[in-house]
Amino acid sequence: YQRRVRGRSNDISDIKSHQPTSQSCTSPFESTLSFARRKKSVVFADNMGLPLTQVKMLKVEELDAAPPPIPVRLIPKVDTNNTAGCTSPSIALEPGLRANFSQPMTRLNFLDSIRQHHVGLESVHISSLTITGSVLVHNICFQKKVKVRYSRDYWLSHEDITAEFSNSLAPDLDKFSFRLTVTGCPGSLLEFCVCAELGEDELWDNNSGKNYQVECLLLPPPNPLFQNNPAKELSTRQGPSSSANKRVYY
């Protein structure tokens, strides 16, 4: 229906009564369903001119820097008086050997050094209390005798063992092998050097005056994964190179 209304300005306007429409009666569920039915679209960063990756340049000092300390408030408090239910794993230590030198064969120009000095220790393999090693000798004469001289009391006394011929590494290089079992107590130090008697000449390799040093220590059992790899086992039991010794045998 319509009504004619006269306002103050003497103009007449038609006012229609408000009728209910379909939009005013839409339920919240229907609005949500309508929003879900809208078509989804994916926009990639490269289509918008944005980079796909971010690169951060780090300085060397940032890589070597130690990680920041953990705030004290984040470290849980431990009651040292209450040890119930706390067990510490125990590892049975056993006597073992540790070489205080690197493998001579890994040195630069090792074979050239053998040809120059005519004799030199090639490598050692340590297993439990046994040292197995090889010596290279320059084949400058037919008669050769190779021995290993070792001491456990800083050369107050010494013993010799003979190295046996193994094979020819090259036409001018012969390899000899030796085996030495250590029965010293933990904390002792064994030093050794190698000697080759070539005719009337007696030539020595004493690791440039430092001798080859092997410590007897209490060590954890060797890793079973390294049992078949002598190089790895030696590296795990090998300490830093040391030149501290009381007496050097020449």
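Just so you know, residue 1 is the first one in the sequence shown, and it goes up from there.
For the pair Thr162/Phe178, no side-chain contact is recorded, criterion being any heavy-atom separation below 4.5 Å from C-beta on. With contacts defined as side-chain heavy-atom distances shorter than 4.5 Å, the pair Ile131/Val182 qualifies.
Listed for the Ser166 side chain is no donor-acceptor partner under 3.5 Å among the backbone atoms of Ser177.
Counting heavy-atom neighbours within 6.0 Å of Arg179 CZ, excluding the residue itself, gives a total of 12 or less.
Comment: Glu197 does not engage Lys144 in a salt bridge, judged by the lack of any side-chain N to carboxylate O separation of less than 4.0 angstrom. Taking the charged nitrogens against the carboxylate oxygens, Glu191 and Arg152 have no contact shorter than 4.0 Å, which rules out a salt bridge.
For Ser113 and Asn109, the side-chain atoms include no donor-acceptor pair closer than 3.5 Å. Side chains of Ser134 and Ser123: a donor-acceptor N/O pair is present below 3.5 angstrom, by distance only.
Atom CD1 of Ile140 sits about 6.5 Å away from atom CG of Asp201, to the nearest 0.5 Å. Once rounded to the nearest 0.5 Å, the distance linking CZ of Phe101 with NZ of Lys210 reads 11.5 Å.
When every heavy atom of Asp174 is checked against every heavy atom of Phe176, the shortest pair comes out as CB-CE1, 4.0 Å. The heavy-atom pair separating Trp204 from Lys147 by the smallest distance is CH2-CE, 4.3 Å. Between Cys193 and Asn211 the shortest heavy-atom distance is CB-OD1, 4.1 Å. The two atoms that bring Val194 and Val148 nearest to each other are CG1-CG2, 4.0 Å, heavy atoms only. Nearest heavy atoms, Leu218 versus Pro95: CD2-N, 3.8 Å.
Under the 4.5 Å side-chain heavy-atom criterion for Ile, Leu, Val, Met, Phe, Trp and Tyr, Ile114 and Val124 are members of distinct hydrophobic clusters. The cluster map of Ile, Leu, Val, Met, Phe, Trp and Tyr, joined by side-chain heavy atoms under 4.5 Å apart, puts Val137 and Leu173 in different clusters. Leu136 is not connected to Ile161 by any chain of hydrophobic side-chain contacts under 4.5 Å among Ile, Leu, Val, Met, Phe, Trp and Tyr, and they are in different clusters. Under the 4.5 Å side-chain heavy-atom criterion for ILVMFWY residues, a single connected hydrophobic cluster contains both Leu169 and Met105. Leu180 and Phe165 fall within a single hydrophobic cluster, where Ile, Leu, Val, Met, Phe, Trp and Tyr are joined by side-chain heavy atoms under 4.5 Å apart, directly or via other members.
Screening Asn100, Asp205, Asn206 for a side chain to side chain donor-acceptor pair (under 3.5 Å) with Tyr212, the sole residue that qualifies is Asp205.
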* Asked: How far apart are the C-alpha atoms of Leu129 and Thr183, what are their side-chain angles, what is the distance that settles it, and do they pass the side-chain contact (heavy atoms from CB on, under 4.5 Å) test?
  -> CA-CA 7 Å; Leu129 295 176; Thr183 58; over 6 Å; no
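Taking the salt bridge (Lys or Arg N to Asp or Glu O under 4.0 Å) definition, one finds that Glu159 meets it with nothing, sequence neighbours left out.
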